[in-house]
Amino acid sequence: MKYYVGADLGTSSLKLLLVDSRGEIIRTSVRSYPVYYPNIGWSEQNPDDWWNAFVSGVKELVQDICSDEIAGIGVGGQMHGLVVLDEADSVIRPAILWNDGRTDEETAYLNEVVGKKKLSELTANIAFAGFTTPKILWLQKNEPENFRRISKIMLPKDYINYKLTGVHCTDYSDASGMLLLDVKNKRWSDEMLEICGITHEQMPKLFESYDSVGSLLPEVAEMLGLDSDTNVVAGAGDNAAAAVGTGTVTDGRCNISLGTSGTVFISSNEFSVDKNNALHSFCHASGGYHLMACILSAASCNKWFCEDILKTDDYEAEQKEITDDCLGKNDVFFLPYLMGERSPINDTDARGAFVGMRMDTKRSDMLLAVLEGVAFAIRDNLEIAKSQGINTTCSSLCGGGAKSELWQKILCNVLNIDITLLQTEQGPGFGAAMLAMVGCGEFSHVKDCAKEFVKIKKTLSPDAHISARYETQYNKFKKIYPSLKNLFKSIKAGD
């Protein structure tokens, strides 16, 4: 029996899976690490915290497995984060994360001076504050000494692979979110590198997600208790890895994730670009392409409201009062823009807001508004896809928020589509392990692996009466942000 390690390098923790060649999850391990907020809107982590978590977690994972039975390692990870190393391979400064909001000026420069049309021609995307290129420009302007020291640029999960193999590498799916990749032609854009003042030598080598990038360095193999010929594949950005793990690898398949952030992921065999660039056009871990939308706050909205505001972590108890006859009748609305918003409004000034509260508003009304607000924000993005001729009638659902039966029902009826839940839902970690299997020759293609391992547990269909009520509610919701947009800007400016 061969075993594979799949890793999900998340924002709050590293989740590791040990998966056998039959697709059975043998063991899991979780290691948490801190996020640092040195200024308002900033979000950083220490890459060495990731590595230390990985080392201790893998040791726990494989402690009673013969080292020669561990065939491969795959890592899926948080996208867009900027990791920079100097000539001695030391981390120059903390990684600037995907949800960091410091790059307003750089994002505006890219979209307004370089121009959205030019960016789309070069990279198939426009600039969003979370992307890597605005972070590089920020570093160049605000920390010039650190910028001059850069020898290697990489993304979070690539740091793990670099520590494992000594190979400076990334994959096409993760690289797509840097705004440096010519997505259509799968190569670094010379013009974008020039705009950022960086060189090809500083950029990682590009691989397909299932390609082997190398084997373990001898000293790392000894540290982990593994053989030095253990195969390491390039891995993928977390959303692409999760899509592999949910079988979203064939043309037109959709997956929605309710994690810290929320995503809509639509797989495609062919390259395409949303004409307004409201959706991201990225390479897929399967070797194809995908369209993706990302809302910055999803399950994190529920966590914030329950834990920080209501002071409880009993999510299920809070939802008990919300019955089916409440759905689509709530007078309270919630804008889930607690970290600003990416898709489709691309507004770092946007903020969370409750609208419609009265003296008789209950905590359950507010909680329901939070769950509905996230679902409405996801629908905003499906409406963009629909306008491009993509008519989604079914989607798989994953992420921590997907464990809530109430949220499943709300999402199914707000979107008015079938929702499938899977027998094994382990997100990016399972997808990363599947990529390792392909890289080690267990399967000839990612699609074959997904067909073998991804099985549906349950399908939810919308209730016509509830969906009709939510249609009315959604039409109200989509008027709220335009009404508050200028107010948000004035709040940010301190007017």
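Computed from a predicted structure; not experimentally measured. This chain uses plain numbering: 1 for the first residue, then up along the sequence. When reading the values below, keep in mind they use all heavy atoms of this one structure, side chains included, and skip hydrogens, waters and symmetry mates.
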For the residue pair Ser281 and Phe271, establish whether any side-chain heavy-atom pair is separated by less than 4.5 Å.
yes
How many angstroms lie between CD in Glu316 and SG in Cys306, if you round to the nearest 0.5 Å?
12.0 Å
Would you check if Gln45 and Leu97 make a side-chain contact, meaning some heavy-atom pair closer than 4.5 Å?
yes
Exactly one of Ile322, Leu327, Leu371 should register a side-chain contact (heavy atoms from CB on, under 4.5 Å) with Lys409. Which one does?
Leu327
Between Ser395 and Cys254, what is the shortest heavy-atom contact and its length?
OG-O, 3.3 Å
For Gln319 and Leu367, run side-chain contact (heavy atoms from CB on, under 4.5 Å): C-alpha distance rounded to whole Å, both residues' side-chain angles, the deciding distance at 0.1 Å, then the answer.
CA-CA 8 Å; Gln319 295 178 10; Leu367 175 60; 3.9 Å; yes
Verify, without hydrogens or angle tests, whether Asp49 (side chain) and Tyr33 (backbone) share a donor-acceptor contact under 3.5 angstrom.
no
Let me know which of Phe334, Phe354, Tyr315 forms a ring-ring contact (aromatic ring centres under 6.0 Å, His included) with Phe305.
Phe354
Is Ser297 reaching over with its side chain to a backbone N or O of Tyr337, donor-acceptor style, under 3.5 angstrom?
no
His80 and Phe128 aromatic centres sub-6.0 Å:
no
Can you confirm whether Phe147 sits close enough to Arg93 that some side-chain heavy atom of one is under 4.5 Å from a side-chain heavy atom of the other?
no
For Glu105, I'd like to know if atom CD has over 12 heavy atoms of other residues, nucleotides or ligands within 6.0 Å.
no
Do Leu397 and Leu421 touch side chain to side chain, with heavy atoms closer than 4.5 Å?
yes
Stepwise, does the side-chain contact (heavy atoms from CB on, under 4.5 Å) test hold for Trp188 with Leu181?
CA-CA 5 Å; Trp188 297 120; Leu181 187 75; 4.1 Å; yes
Strictly distance-based, threshold 3.5 Å: is any side-chain N or O of Thr260 a donor or acceptor partner for the main-chain N or O of Ser300?
no
Spacing of Trp42 atom CH2 and Asn99 atom CG [to the nearest 0.5 Å]:
14.0 Å
I would like to know whether Ile136 and Val84 meet side-chain contact (heavy atoms from CB on, under 4.5 Å); could you show each step before the answer?
CA-CA 10 Å; Ile136 293 172; Val84 287; over 6 Å; no
For the student: nearest non-hydrogen atoms of Asp325 and Lys329, plus distance:
O-CD, 3.0 Å
Sidechain-backbone polar pair: Ser13 side chain, Ser32 backbone, donor-acceptor under 3.5 Å
no
Give a yes or no on whether the backbone of His465 and the side-chain of Asp463 come within a donor-acceptor separation of less than 3.5 Å.
yes
Note: Ile266 and Ala385 closest approach over all heavy atoms is CD1-CB, 3.9 Å
For atom CD of Glu270, decide whether the heavy atoms of other residues, nucleotides or ligands shown that lie under 6.0 angstrom number more than 12.
no
In Å and rounded to the nearest 0.5 Å, what is the CD to CG distance from Gln408 to Asn413?
12.0 Å
Closer than 4.0 angstrom, basic N to acidic O: yes or no for Asp238 and Lys157?
no
I want to check something: taking the side chain as every heavy atom from C-beta on, are Asn125 and Val183 in contact at a cut-off of under 4.5 Å?
yes
Is there a donor in the side chain of Asp314 and an acceptor in the side chain of Thr312, or the other way round, less than 3.5 Å apart?
no
Side chain Asn346, main chain Ala127, donor-acceptor under 3.5 Å
yes
Do other residues, nucleotides or ligands put more than 12 heavy atoms under 6.0 Å from the CD atom of Glu405?
no
Is the closest basic N to carboxylate O distance between Lys485 and Asp347 below 4.0 Å?
no
Is the shortest distance from a Lys or Arg side-chain nitrogen in Arg379 or Glu383 to a carboxylate oxygen in the other one below 4.0 Å?
yes
Ignoring hydrogens and angles, state whether a donor on the side chain of His200 or Asp190 is under 3.5 Å from an acceptor on the partner side chain.
yes
Tell me, yes or no, whether the heavy-atom count around Lys152 atom NZ, taken from other residues, nucleotides or ligands under 6.0 Å, exceeds 12.
yes
Does any non-hydrogen side-chain atom of Asn39 lie less than 4.5 Å from one of Arg102?
no
Out of curiosity, Ile480 CD1 to Leu484 CG, how far, rounded to the nearest 0.5 Å?
7.5 Å
Taking the side chain from Asn475 and the backbone from Glu471, do they hold a donor-acceptor pair closer than 3.5 Å?
yes
Mind checking the CE-NZ spacing from Met357 to Lys362? Nearest 0.5 Å is all I need.
13.5 Å
Please check this pair: side chain of Asp174 against backbone of Asp171, looking for a donor-acceptor N/O pair closer than 3.5 Å.
no
Below 4.5 Å, heavy atoms only, C-beta onward: do Leu119 and Leu110 meet side chain to side chain?
yes
Look at the side chain of Thr123 and the backbone N and O of Ser120, then say whether any donor-acceptor pair between them is shorter than 3.5 Å.
no
Side chains of Thr459 and Asp418, donor plus acceptor under 3.5 Å:
no
Does Glu321 CD have over 12 foreign heavy atoms under 6.0 Å away?
no
Check this for me: Lys186, atom NZ, are more than 12 non-hydrogen atoms of other residues, nucleotides or ligands nearer than 6.0 Å?
yes
Would you compute the distance between atom CE of Met178 and atom OG1 of Thr170 and round it to the nearest 0.5 angstrom?
7.0 Å
Residues Lys135, Asp100; criterion salt bridge (charged side-chain N to carboxylate O under 4.0 Å, His left out); working and verdict:
CA-CA 9 Å; Lys135 297 177 174 66; Asp100 186 282; over 6 Å; no
Give a yes-or-no answer on whether the side chains of Asn255 and Ser396 include a donor-acceptor pair shorter than 3.5 Å.
yes
Whether Glu208 side chain and Tyr172 backbone form a donor-acceptor pair below 3.5 Å:
no
For Ser267 against His284, the heavy-atom pair lying closest together
OG-CD2, 3.5 Å
Closest approach of Trp138 and Thr103, non-hydrogen atoms and distance?
CB-CG2, 4.1 Å
Is there side-chain contact between Phe131 and Met79, with heavy atoms separated by less than 4.5 Å?
no
Heavy-atom nearest pair, Leu435 first then Ala236, reads CD1-CB, 4.0 Å
Ring-plane angle category for Trp50 and Tyr159, please: parallel below 30°, perpendicular beyond 60°, tilted otherwise.
perpendicular
Should the ring pair Phe430 and Phe453 be called parallel, tilted or perpendicular, given that the plane angle runs from 0 to 90° and is split at 30 and 60?
tilted
Answer yes or no: are there more than 12 heavy-atom neighbours, outside His445 itself, under 6.0 Å from its atom NE2?
yes
Could you give me the CA-CA distance, side-chain angles and deciding distance for Lys386 and Thr392, then say whether side-chain contact (heavy atoms from CB on, under 4.5 Å) is met?
CA-CA 7 Å; Lys386 188 175 180 180; Thr392 302; over 6 Å; no
